[in-house]
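The analysis underlying the following values was restricted to heavy atoms, covering all of them including side chains, and did not include hydrogens, waters or symmetry mates. In this text the structure is predicted, and so the values were computed from the model without any measurement. The sequence lines fix the lettering, A, B, ..., with proteins before strands; numbering per chain opens at 1.
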Amino acid sequence: MLNLWPFLLLVLLLAVTLQVGFLYHIFYLLVLVVLLAHLWGRYAVGRLVVRRRFEPRAFYGETIPVVLEVHNTGWLPIPWLLVHERLPLALASPAFLRRALALWPRERGRLTYTLHARQRGYYTLGPLTVETGDVLGLQRVERIVGATDPLIVYPKIVPVGELGLPSRVPLGLLRTPQPLYADPVRVIGVRPYTTGDSFRLIHWKATAATGALQVKKLEPAMMLPTVILLNLHLPEYERVFAHYAAELAIVVAASLASHLVGLRQEVGLLTNGLDSLTGQPIIGALPRKGRHHLMLLLELLARVVPGETTPFPVFVRGQMPRLPWGATLVLVTPGETPALLESVLVLRRAGFSVVLVYVRPPGPAVGERSAALGLPYYEVWREEHLEGARPAVRGSR
Amino acid sequence: MKRRSWSATLRQWFLPPEFYREYRPGPATWVEAVFEPAVLVAAVVSFSTGLVQFGLALVPTWPADGLVPLAGLAALASFLYARRLARGAILWKEWLVILVPFLLAVRLLPYLAHPEALAGDLWRWWSDPLSFFDLSFIVGTLLVAGAWWTGFRTTLDLNSLRVQAGEILSERLQRDPLWETDRGRFVDHTTPLRNVAGRFLAGGVVLLVLSGLTALDVRQLLSLSAVVALLTVGRPAASGALVNVLLYFVLVLLLLAEMQYVRQRTLWQVAQVPVAPTVPGHWVLSSLGLVAVALAGALLLPTEHMLPLAALLDSLIQALRVVAFWLFFALYLVLWVLTLPFRLLSPGAADEGLAPGRFQPPAAPTPGSAPGWLDLVRSLVFWGIALLVVLYAGRTLLSQRPGRVVWGLLARAGRALGRLWGWLWRRAGAARQRAGLLAGRLLARVLSAAAPVRPRAGRFRWLRRLAPRDLVIALYLATVERAGRLGVARRPSQTPLEYQAALRQRFPDLEPDLSALTAAFLEARYSPRPIGPDEVATARRAWAALRQRLHRWRRRGRALGLSDDGGPLDTASGRAV
């Protein structure tokens with residue numbers, strides 16, 4: 001950068017000494033140039049308003065276009081402005097955006113860039129650093145403008161085949177081999193009225209058509225309030241493929257939740273993972289219906305990261321009081337351990353149905369003890385295993 | 001051979017060298033290519049005008065016709081020459097070839113007005129070549145050479161602002177993050193900009209001083225006639241100094257703005273930052289706007305009837321005194337009115353001494369002695385700005401380098417003083433030696449003249465005090481000194497035996513005393529055995545004999561017109577020539 005101050009002082013000295021008219025003019029000229037140059041940059045930066053426009057939620061694999069709008073709200077032009085936007089490394093390469101532009105007074109500059117949702121997580125776009133200065137290089141101003149904006153990339157969701165999850169709760173939407181309960185919304189036909197049938201079940205149209213009382217035949221169904229318990233206690237994963245296995249476990253949990261919500265079931269999620277924002281343990285959400293709840297679960301799964309937290313067996317027993325009665329518990333965990341199996345047996349004795357999903361490489365030892373105890377379990381090691389997965393063992397009800 | 005097109009020729013002469021693959025000259029490039037030489041030449045012409053004006057103010061008969069355009073031409077030639085250089089090499093032969101026509105033009109241009117004098121001067125130069133180089137020619141040469149040098153260095157700096165060879169890496173190297181980190185440390189391009197700024201601002205100071213001195217007895221007017229006088233070649237009138245100086249600084253500011261843009265663009269190119277196409281236009285207009293606003297403000301602010309700082313402070317103090325008096329008087333009046341009822345109710349209260357009428361305001365300044373309010377305001381504006389500049393400059397310097405400012409200044413002053421002292425000491429060294437010798441001889445002569453008797457007794461008295469070993473050594477050294485005065489000085493590398501051989505060769509009749517004295521010296525100097533009276537007597541005898549023979553040799557040489565060391569002798573003064 002240039003430094004005109006010594007020269008300015010020298011001109012002042014000459015003007016005062018020689019007292020010739022044009023020396024004062026030159027002094028004023030240089031003073032005004034230096035003054036304007038120093039003030040210009042600061043004024044310009046103070047009048048910048050930045051806004052980002054983009055979809056703050058994205059699914060895995062999507063492309064996210066971002067429009068960065070830089071608005072010069074001041075009355076001075078900005079001859080040059082270098083903007084530097086920090087981008088998440090997992091979503092963009094390179095992990096920054098740099099542009100040089102110029103703005104007239106009140107002009108808006110628009111910059112567009114694209115992010116690729118290659119990895120689930122909670123990301124922040126920005127902050128935006130701007131650098132500007134005067135045309136003579138006397139002053140440079142660098143400042144962070146605007147706030148950061150969050151972007152959530154949901155985990156990958158893989159289609160899930162039938163899992164045959166049992167339940168002991170009345171009403172529901174899944175077909176069950178035990179036609180003990182009927183769902184009044186799902187009508188599968190009509191039959192003649194017999195003594196003892198409820199009047200609410202009379203099919204009036206069919207009755208009018210046939211001239212005899214007809215009643216609705218309802219599909220037997222059951223409701224599966226399901227709670228997915230996701231183990232993200234990192235020491236329980238094998239070190240060699242801990243990261244892959246943990247991510248796969250999250251994919252399993254997300255896929256299961258999506259599948260069950262698609263079946264109009266109540267789904268909840270509890271995990272012993274950590275919140276990537278705060279670093280604190282993140283518990284989860286109890287079972288609810290609906291797509292909105294699913295998005296909440298997916299957001300939770302986007303933010304959670306594995307870490308050294310509560311061991312899974314301890315965590316599971318600790319969550320027992322919160323679990324709804326008769327819920328089906330899907331335990332997504334890297335492997336069977338005696339402590340885990342003991343906790344599972346406690347859960348069964350408490351009336352919960354438990355299904356185990358082991359996320360680990362297949363092997364002869366996987367699920368041996370679970371099978372011996374009659375616990376239903378599944379093995380998942382690749383994402384494609386989720387499709388058309390069949391239970392290895394169907395445990396007793 | 002394929003003839004080069006005009007555009008290719010112009011590109012070669014005017015466009016700066018840029019070393020990156022994607023370089024494609026466009027309209028903006030040509031604008032830069034024309035702007036830079038135009039501003040450079042105009043600034044050099046402006047500076048030369050100021051110099052010539054000053055010279056004419058000193059020596060009105062100075063034949064400075066055509067010097068200013070010649071300087072401009074030299075600057076343009078140096079620009080075109082240096083523009084094609086990929087690196088800043090100074091090839092003196094090429095310079096000489098290019099500059100000789102300019103120097104001849106400097107010498108011969110004045111004869112355009114007086115061609116009849118050329119023939120006579122040509123004959124004079126033929127007969128006395130040195131008369132070709134008169135003061136006028138030397139000054140003109142310096143002016144043209146300075147213009148050439150300025151154009152050359154500035155063009156090299158302008159070239160250095162652009163992308164240099166190797167600064168933009170290939171893709172393969174760009175993938176190496178370590179290389180990228182290291183590379184960023186030395187790609188800055190600030191030095192050329194600082195060089196040009198320093199060069200032209202220093203020139204601006206010189207121009208200000210010279211123009212100020214020129215204009216001290218001339219009222220400066222920004223008038224049409226002054227502009228016309230400035231734009232015409234030949235003798236520029238002194239009244240155009242304001243236009244000239246303002247023009248110079250405006251040109252320098254615009255050049256610096258353009259250079260800053262080129263530098264910034266280069267940094268972006270090296271960092272591969274996409275640049276919006278509107279940036280050059282914004283930069284140009286912003287630069288023009290900045291300079292125009294500053295120029296307008298500079299012309300509107302007061303420059304005449306300025307009070308000196310002392311007078312201004314005095315006026316301000318007087319004004320403050322008057323204001324303070326009236327404020328206190330008003331306050332007193334209010335208190336007097338508020339306390340009036342209490343004083344009226346108290347019988348016998350005397351308030352004559354408290355009546356406001358007894359207070360007199362300070363005497364107003366007599367008309368004509370105090371400055372008018374308009375002058376006061378003008379002076380306040382100027383001195384206020386000056387004070388702010390001084391304070392802000394001081395704050396900026398101290399905030400950037402708080403401790404180093406003072407210590408840096410002191411260290412620089414100390415180093416400068418040290419260098420000055422060393423130079424003086426070296427210069428005085430020779431004089432010191434001569435002065436010492438002279439003083440020694442003078443003292444010896446004074447002592448010898450003052451002593452009534454030969455100093456032999458005194459000498460023996462002195463030698464008698466010495467120990468035997470020291471006495472032998474002293475006798476040998478006295479002989480060496482005497483022989484050295486006769487031109488056979490002992491070199492520091494010579495051993496006593498080697499020196500004995502040299503003396504024997506020069507003065508063959510010194511033997512055998514020379515050998516005896518040398519042997520005695522060697523024993524006294526290096527032998528641990530005590531030196532007895534016999535050795536001392538032997539040494540003394542040998543010394544006495546050698547002294548006589550050397551004295552005889554000395555007389556013989558003077559008779560032959562030789563000095564003691566064998567060189568010619570000035571017979572009049574008796575000293576060596």
Side-chain angles (χ1 to χ4, degrees), chain A residues 1-38 40 44 76-84 94 96-104 107 109 111 131 133-138 140, chain B residues 190 193-194 197 201-202 204-205 208-209 211-213 215-216 219-220 222 241-242 245-246 249-250 253 256-257 260-261 263-264 268 271-276 278-279 281-283 285-287 289-291 293-295 297-299 301-304 306 309 382 385-386 389-390 392-393 396-397:
Chain A
M1 280 198 309
L2 296 179
N3 186 9
L4 292 186
W5 290 110
F7 178 68
L8 209 57
L9 292 174
L10 195 56
V11 173
L12 172 62
L13 190 63
L14 284 174
V16 169
T17 307
L18 296 176
Q19 294 189 2
V20 177
F22 64 79
L23 291 181
Y24 293 101
H25 285 303
I26 300 301
F27 172 69
Y28 290 139
L29 173 69
L30 294 174
V31 166
L32 287 171
V33 164
V34 171
L35 186 68
L36 288 174
H38 274 77
W40 194 330
L76 287 179
I78 302 179
W80 68 276
L81 184 71
L82 182 66
V83 298
H84 183 109
F96 59 85
L97 170 79
R98 274 190 302 187
R99 294 283 191 276
L101 62 153
L103 295 172
W104 290 118
E107 185 184 357
L111 308 172
E131 183 183 346
D134 60 286
V135 293
L136 291 174
L138 299 176
R140 270 185 186 246
Chain B
T190 302
L193 184 60
R194 285 195 180 146
L201 291 177
V205 171
L208 281 175
V209 171
S211 298
L213 293 174
L216 272 178
R219 182 176 174 78
Q220 297 303 300
L222 191 62
L242 172 58
V245 172
L246 276 178
F249 278 95
V250 166
L253 289 172
L256 291 178
Q260 178 64 24
Y261 164 71
R263 172 182 170 265
Q264 192 62 60
W268 289 335
Q272 297 182 336
V273 175
V275 181
T278 56
V279 170
H282 278 72
W283 201 292
L285 293 174
S286 299
S287 306
L290 174 68
V291 173
V293 168
L295 189 61
L299 292 175
L301 284 170
T303 59
E304 293 183 345
M306 295 291 190
L309 186 60
F382 171 72
I385 294 175
V389 165
V390 170
Y392 193 77
T396 304
L397 285 171

TODO: Measure up the A:Tyr28 and B:Phe382 rings against each other and bin them: parallel (under 30°), tilted (30 to 60°), perpendicular (over 60°).
DONE: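 Perpendicular.
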With a 4.5 angstrom heavy-atom cut-off, is it the side chain or the backbone of [X] that approaches chain A, or both, or neither?
X        : value
B:Leu285 : side chain
B:Ala197 : side chain
B:Trp268 : side chain

Please flag which part of [X] lies under 4.5 Å from any non-hydrogen atom of chain B: side chain, backbone, both or neither.
X       : value
A:Ile78 : backbone
A:Leu8  : side chain
A:His84 : neither
A:Leu82 : side chain
A:Val34 : neither

Contact winner vs chain A - [options], heavy-atom pairs under 4.5 Å:
options                      : value
B:Thr278, B:Leu256, B:Leu208 : B:Leu208
B:Val205, B:Val291, B:Val390 : B:Val205
B:Gly297, B:Ala294, B:Ala276 : B:Ala294
B:Leu193, B:Val275, B:Val293 : B:Val275

To the nearest 0.5 angstrom, please state how far the [atom1] atom of [X] sits from the [atom2] atom of [Y].
X        : Y        : atom1 : atom2 : answer
A:Glu131 : B:Gln264 : CD    : CD    : 7.0 Å
B:Leu301 : A:Leu29  : CG    : CG    : 10.5 Å
A:Leu12  : B:Ile385 : CG    : CD1   : 10.5 Å
B:Ser211 : A:Leu23  : OG    : CG    : 8.0 Å

TODO: Determine, stepwise, if the pair A:Val33 / B:Leu253 fulfils side-chain contact (heavy atoms from CB on, under 4.5 Å).
DONE: CA-CA 9 Å; A:Val33 164; B:Leu253 289 172; 3.8 Å; yes
Open item on the list: When you compare the side chain of B:Val389 with that of A:Val31, does any pair of heavy atoms fall below 4.5 Å?
Closed with: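 Yes, close enough: below the 4.5 Å cut-off.
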Open item on the list: Less than 4.5 Å apart, side chain to side chain, heavy atoms only: is that true for A:Trp80 and B:Ser286?
Closed with: no
TODO: Looking only at non-hydrogen atoms, find the nearest pair between B:Leu201 and A:Phe7 and report the distance.
DONE: O-CE1, 3.2 Å
Task: Ring centre gap for A:Trp104 and B:His282 strictly below 6.0 Å - done: yes
Task: Residue among A:Leu136, A:Val135, A:Leu101, A:Leu32 with most heavy-atom pairs under 4.5 Å to chain B - done: A:Val135
Task: Choice from A:Leu76, A:Ile26, A:Leu4 maximising heavy atom contacts with chain B below 4.5 Å - done: A:Ile26
Task: Check: A:Arg98 side chain, B:Ala271 main-chain N or O, donor-acceptor pair, under 3.5 Å - done: yes
